[in-house]
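Both ligands and their constituent atoms are indexed starting at 1 by order of listing. Quick caveat: nothing in here was measured; it's all calculated off a predicted structure.
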Amino acid sequence: MKAVVYEGPRKVTVKAMPDAKIERPTDVLVKITSTNICGSDLHMYEGRTSMETGRILGHENLGVVIEVGSAVVRVKVGDRVCMPFNIGCGFCKNCERGLTGFCLTANPGMAGAAYGFANMGPYSGGQAELLRVPFGDFNCLRLPPDAEEKENDYVLLSDIFPTGWHATVLAGVQPGDSIAIYGAGPVGLMAALSAQIQGASKIMVVDTHRDRLQLAEKLGAIPIDDSDGNSAQRIVEMTGGEGADRGCECVGYQCTCHGREVPNLTMNNLVKAVRPTGGIGVVGVFVPEDPGAQDELAKKGQLAFDFGQLWMKGQHIATGQANVKAYNRKLRDLIAAGKARPSQIISHTLPLGQAPDAYQQFDARNEGWTKVVLKPAG
Ligand code: NAD
Ligand code: ZN
């Protein structure tokens with residue numbers, strides 16, 4: 001099969017790899033028809049993780065079931081399915097509670113497994129013609145009859161739509177709340193869409209990329225260009241001097257200021273921008289060590305965080321990988337009912353062969369490159 005393989009910092013190739021196959025009776029084999037490039041792939045692409053060379057990338061996957069293992073009872077050949085980026089077993093203590101981003105058995109020794117991901121187990125990614133889905137009955141979300149027509153909406157159920165939603169849940173969004181979202185990348189834009197659906201009264205999205213801020217505005221948010229570094233102050237002013245009720249971090253440890261990485265910037269801006277007793281949800285990725293960082297603390301996975309401010313303001317903070325399965329079925333039904341159209345942020349739909357160029361353009365955050373969907377089946 002053809003697949004996108006990580007060859008080292010800023011190098012991916014599309015090449016022939018051994019076909020994915022059923023390895024356990026509970027596996028499902030999927031012929032991939034859509035697979036996205038994610039901001040999380042970029043941390044790996046840039047060599048800022050411990051991703052091994054030679055591995056297949058891709059954790060945002062949708063396709064058609066072509067084979068099922070002997071112990072699979074519900075998923076059938078021919079089903080169109082979308083897989084959460086997390087692999088959950090369904091029976092461990094965390095999966096049972098819906099915390100499938102922290103499955104205790106799929107990646108022994110660590111809580112959490114994913115396809116084609118650094119530190120998240122040995123599983124191959126789906127930027128390929130075929131994908132092996134472990135615990136298939138649990139991990140395949142079956143799609144309704146309009147699956148082909150709305151494929152670019154449904155494929156966003158694999159990660160960024162549920163992750164944006166998770167950011168708002170971690171922050172504690174309630175109808176009528178104001179919310180400040182740092183990052184207008186795909187995840188931040190999906191957090192804005194999620195806040196909109198949940199009845200937020202004012203949604204403010206911060207970034208420095210004009211094209212992405214325009215998309216935020218299209219989703220009903222107030223765009224805030226942070227080129228001057230005053231975003232937090234402006235959010236406080238826009239909320240009657242109090243600060244936003246909720247804040248979401250949708251950037252992660254590689255957040256920047258004028259092209260230089262400042263790993264604590266968004267976290268400290270959120271503490272400033274959110275009101276006393278407000279909530280902050282952090283889905284942008286932070287890592288336990290980052291040897292490639294310029295910052296001494298960040299090398300050790302630490303941040304110069306304004307904890308004293310956070311404490312004085314009595315804010316709460318929650319973090320982590322999104323438990324995609326906790327949301328994907330409900331969000332699927334919103335798409336099916338025509339009440340959510342997340343695909344409006346997709347900028348490029350390309351054949352798998354164009355992945356190397358797409359990685360380069362998306363990594364550079366070149367104008368107009370917001371979200372790429374690869375189509376391995378042509
Ligand atoms: P992205 O890199 O395309 O988007 C990040 C955006 O943040 C960019 O538009 C960038 O201009 C902006 N940004 C950079 N510095 C900033 C700053 N100081 N202030 C405001 N905005 C700033 O990626 P994405 O796909 O949107 O992903 C965002 C983050 O979410 C990444 O860290 C990714 O790994 C993470 N992620 C987490 C989960 C999860 O389950 N928790 C899932 C998917 C992605
Ligand atoms: Zn992703």
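The closest protein non-hydrogen atom to atom 23 (O) of ligand 1 is G39 CA, 3.4 Å. In terms of protein heavy-atom proximity, atom 39 (C) of ligand 1 is closest to Q321 OE1, 3.4 Å. Here the protein heavy atom with the shortest distance to atom 6 (C) of ligand 1 is D207 OD2, 3.6 Å. Residue, atom and distance of the protein heavy atom nearest to atom 20 (C) of ligand 1 are V206 O, 3.6 Å. The protein heavy atom nearest to atom 27 (O) of ligand 1 is V187 CG2, 3.5 Å. When hydrogens are left out, the protein atom nearest atom 15 (N) of ligand 1 is T256 N, 3.0 Å; that is the closest non-hydrogen contact. The closest protein non-hydrogen atom to atom 33 (C) of ligand 1 is S40 OG, 3.3 Å. Protein heavy atom nearest atom 37 (C) of ligand 1, with residue, atom name and distance: V283 O, 2.9 Å.
For ligand 1, the atoms closer than 4.0 angstrom to any heavy atom of L265 are 18 (N). Numbered from 1 in the order shown, with element, the atoms of ligand 1 that lie under 4.0 Å from a heavy atom of D159 read 42 (C), 43 (C). In summary, the atoms of ligand 1 found under 4.0 Å from a heavy atom of A322, numbered by their order in the structure, are 39 (C), 40 (O), 41 (N). Within ligand 1, the atoms closer than 4.0 Å to a non-hydrogen atom of F362 are 3 (O), numbered from 1 in the order shown. Taking a cut-off of under 4.0 Å to the non-hydrogen atoms of G185, the atoms of ligand 1 that pass are 4 (O), 6 (C), 9 (O), 26 (O). The ligand atoms of ligand 1 that sit less than 4.0 angstrom from a heavy atom of C255 are 15 (N). Close contacts of ligand 1 with H209, meaning ligand atoms under 4.0 Å from a residue heavy atom, involve 11 (O).
Two rings, from H59 and Y123, have their centers 6.0 Å or more apart.
Distances shorter than 4.0 angstrom do not occur between any heavy atom of C257 and any atom of ligand 1. Residue contacts with ligand 1: F85 is included, with a non-hydrogen atom under 4.0 Å away. Contact annotation: G320 has at least one heavy atom less than 4.0 Å from an atom of ligand 1.
Contacts with ligand 1 closer than 4.0 Å are made by no heavy atom of V262, backbone or side chain. With a heavy-atom cut-off of 4.0 Å, H166 does not touch ligand 1 at all. Using a 4.0 Å cut-off between heavy atoms, R365 contacts ligand 1 through its side chain alone, with no backbone atom that close. At a 4.0 Å heavy-atom cut-off, ligand 1 does not touch S231 at all.
Taking the charged nitrogens against the carboxylate oxygens, D225 and R210 have no contact shorter than 4.0 Å, which rules out a salt bridge. A salt bridge links R234 with D228: the closest approach of a Lys/Arg side-chain nitrogen to an acidic carboxylate oxygen falls below 4.0 angstrom. At a threshold of 4.0 Å, the pair R212-D207 does not count as salt-bridged, since none of the basic side-chain nitrogens sits closer than that to a carboxylate oxygen.
Counting only non-hydrogen atoms, the option in L270, T163, V285 that gets closest to atom 38 (C) of ligand 1 is T163. Nearest to atom 29 (C) of ligand 1 by heavy-atom distance, out of V251, V282, L189, is V251.
For the pair SG of C38 and NE2 of H59, the angle at the Zn ion (ligand 2) is about 110°; rounding is to 10 degrees.
By the 30° and 60° cut-offs, the orientation of the rings of F91 relative to F135 is perpendicular. Using cut-offs of 30° and 60° on the angle between ring planes, the pair W165 and F161 is perpendicular.
For the pair P144 and R332, the minimum side-chain heavy-atom distance is below 4.5 Å. Within the 4.5 Å cutoff, no side-chain heavy atoms of Y154 are placed close to those of L141. D79 places none of its side-chain heavy atoms less than 4.5 Å from the side chain of C140. Contact annotation: the side chain of L104 approaches that of K93 to within less than 4.5 Å [non-hydrogen atoms, C-beta and beyond]. Here the side chains of V169 and Y327 are in contact, with some heavy-atom distance below 4.5 Å.
At least one N/O-N/O distance between P186 and ligand 1 falls below 3.5 Å. Considering backbone and side-chain N/O atoms, R212 comes within less than 3.5 Å of an N/O atom of ligand 1. Residue-to-ligand polar distances keep T266 apart from ligand 1: every N/O pair is separated by 3.5 Å or more.
Annotation for L57 and G116: closest pair CD2-O, 3.9 Å, computed over non-hydrogen atoms.
The atom of D159 nearest to the Zn ion (ligand 2) is OD2, with the search restricted to N, O or S atoms. Restricting E60 to its N/O/S atoms, the shortest distance to the Zn ion (ligand 2) is reached by OE2.
For the pair N61 (side chain) and T35 (backbone), a donor-acceptor distance under 3.5 Å is absent. Side-chain atoms of E261 do not come within 3.5 Å of backbone N or O of Q254 as any donor-acceptor pair.
In this structure, CD in E129 is found 7.0 Å from CG in L352, a value given to the nearest 0.5 Å.
Atom NZ of K313 sits in a crowded spot, with more than 12 heavy atoms from other residues, nucleotides or ligands closer than 6.0 Å.
For the side chain to side chain contact (heavy atoms under 4.5 Å, CB included) with R365, the qualifying choice from D211, T208, L42, T256 is L42, the only one to do so.
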- Item | side chain to side chain contact (heavy atoms under 4.5 Å, CB included) between E60 and I160, intermediate numbers included | CA-CA 9 Å; E60 303 191 357; I160 61 166; 3.8 Å; yes
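Counting backbone and side-chain atoms alike, D41 contributes no N/O/S atom closer than 2.8 Å to the Zn ion (ligand 2).
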